[in-house]
Student: 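Before we start, here is the structure in question, set down as structure tokens.
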Amino acid sequence: MADTSPLDVLEKRITDLESLVFGNADKDALYPKCIESMLVLQNKIMAAVAGKKKLTSVYQNLPALRRYMDPAYTDEMGLSEEAKAEVIFAEEDYLRRVASQLQTVKEHDESLSSEHVKSVPTLSGKLQELSQIHIQQQDNTAQVTEETARLIDAYNSVITTLSKMFIQWDADITKMEMKTQTKKSDA
């Protein structure tokens with residue numbers, strides 16, 4: 001097992017940081033320039049902050065801020081065991097629902113792990129193509145429906161007109177027949 005003393009860990013972190021900063025370049029040649037640049041930046045920052053009480057206060061409070069933001073801090077100041085139990089009991093219904101849902105997922109794991117489900121990402125192109133075809137078919141269906149409705153309206157109009165004409169012709173024929181019968185009976 002490798003030696004993981006704090007000094008070794010620190011050395012590894014410094015090596016990793018140097019490789020990030022310098023990459024494959026010769027670090028010994030660039031190191032003094034890097035330090036000088038950092039010194040110039042530090043001096044500029046200090047000159048910009050000089051005389052500004054709020055900024056100096058923020059800089060002084062940075063260690064405390066880092067401590068408060070550390071996840072380990074919340075564990076230290078965390079809840080008592082009774083409070084933790086109370087939180088768990090308060091969320092009992094939710095936890096049972098989630099456990100039930102997880103059990104359902106576990107029961108269907110074989111189906112979810114099938115080759116058919118695993119191949120879904122490879123079929124997304126086909127699905128997109130089918131979606132486009134479906135949209136086109138919906139548009140075509142809407143056009144056919146509109147055209148059919150227009151044709152039915154035209155048909156109904158023609159039938160209504162024909163019915164009126166037949167009724168009128170029947171009335172005219174009836175009048176003519178009555179006139180002819182009246183003439184026959186007069187004669």
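Remember, it's a predicted structure, so these values are computed and weren't measured experimentally. The first residue of the sequence shown is numbered 1, and numbering continues consecutively from there.
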Student: Following the transitive rule for hydrophobic clusters with a side-chain heavy-atom cut-off under 4.5 Å over Ile, Leu, Val, Met, Phe, Trp and Tyr, establish whether Y94 and I88 coincide in one cluster.
Tutor: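 In one cluster with Y94: I88, yes.
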
Student: Before accepting this row, confirm whether a basic side-chain N of the pair E146/R150 lies closer than 4.0 Å to the acidic partner's carboxylate O.
Tutor: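 No, this pair does not count.
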
Student: Donor-acceptor pair, distance only, cut-off 3.5 Å: does the side chain of T104 make one with the backbone of S100?
Tutor: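 It does hold such a pair.
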
Student: Do Q101 and V105 have side chains that get closer than 4.5 Å, going by heavy atoms?
Tutor: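 They are not in side-chain contact.
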
Student: With side chain to side chain donor-acceptor pair (under 3.5 Å) as the test, would you mind laying out the steps for D139 and Q143 before giving the verdict?
Tutor: CA-CA 6 Å; D139 292 344; Q143 289 174 353; over 6 Å; no

Student: In Å and rounded to the nearest 0.5 Å, what is the CG to CG distance from L151 to N156?
Tutor: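 Those atoms lie 11.0 Å apart.
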
Student: Answer yes or no: are there more than 12 heavy-atom neighbours, outside E107 itself, under 6.0 Å from its atom CD?
Tutor: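 Count over threshold, so yes.
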
Student: To the nearest 0.5 Å, tell me how far L95 CG sits from F89 CZ.
Tutor: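 So the CG of L95 and the CZ of F89 are separated by 11.0 Å.
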
Student: Treating S113 as the side-chain partner and E110 as the backbone partner, does any N or O pair qualify as donor plus acceptor under 3.5 Å?
Tutor: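 No: the side chain of S113 does not pair with the backbone of E110.
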
Student: Supply the atom-to-atom distance Q138 CD to T145 OG1, rounded to the nearest 0.5 angstrom.
Tutor: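 Going from the CD atom of Q138 to the OG1 atom of T145 covers 11.0 Å.
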
Student: Could you grab the distance from atom CG of D8 to atom OG1 of T15, nearest 0.5 Å is fine?
Tutor: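 Going from CG on D8 over to OG1 on T15, the span is 10.5 Å.
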
Student: With a 4.0 Å cut-off on N to O distance, would you call R97 and D93 a salt bridge?
Tutor: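 Salt bridge between R97 and D93, a charged N being under 4.0 Å from a carboxylate O: no.
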
Student: Quick check against the 3.5 Å criterion: does D170 have a side-chain atom that pairs as donor or acceptor with the backbone of F166?
Tutor: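 Side chain of D170 to backbone of F166, a donor-acceptor pair under 3.5 Å: no, none is there.
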
Student: In Å, rounded to the nearest 0.5 Å, how long is the span from CD1 of I173 to OG1 of T180?
Tutor: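 I173 CD1 to T180 OG1: 11.0 Å, rounded to 0.5 Å.
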
Student: Do the side chain of S157 and the main chain of D153 share a donor and acceptor less than 3.5 angstrom apart?
Tutor: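 No; judged by distance alone, with no hydrogens or angles, the pair does not exist.
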
Student: Could you walk me through whether L65 and L62 satisfy the side-chain contact (heavy atoms from CB on, under 4.5 Å) test, starting with their C-alpha distance in whole Å, then the side-chain angles of each, then the deciding distance to 0.1 Å, before giving a yes or no?
Tutor: CA-CA 5 Å; L65 182 61; L62 276 178; 4.2 Å; yes

Student: Please check if the side chain of T141 supplies one atom and the backbone of Q137 the other of a donor-acceptor pair under 3.5 Å.
Tutor: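 Flag set: sc T141 to bb Q137 pair under 3.5 Å.
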
Student: Are V58 and K54 close enough that some pair of their side-chain heavy atoms sits under 4.5 Å apart?
Tutor: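 Sidechains of K54 and V58: no contact.
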
Student: Enter the distance from K164:NZ to L162:CG here, rounded to the nearest 0.5 Å.
Tutor: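 It comes to 11.5 Å.
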
Student: Answer with yes or no whether the side chains of N140 and Q136 bring together a donor and an acceptor at under 3.5 Å.
Tutor: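 No, because no side-chain N or O of Q136 sits under 3.5 Å from a partner of the opposite role on N140.
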
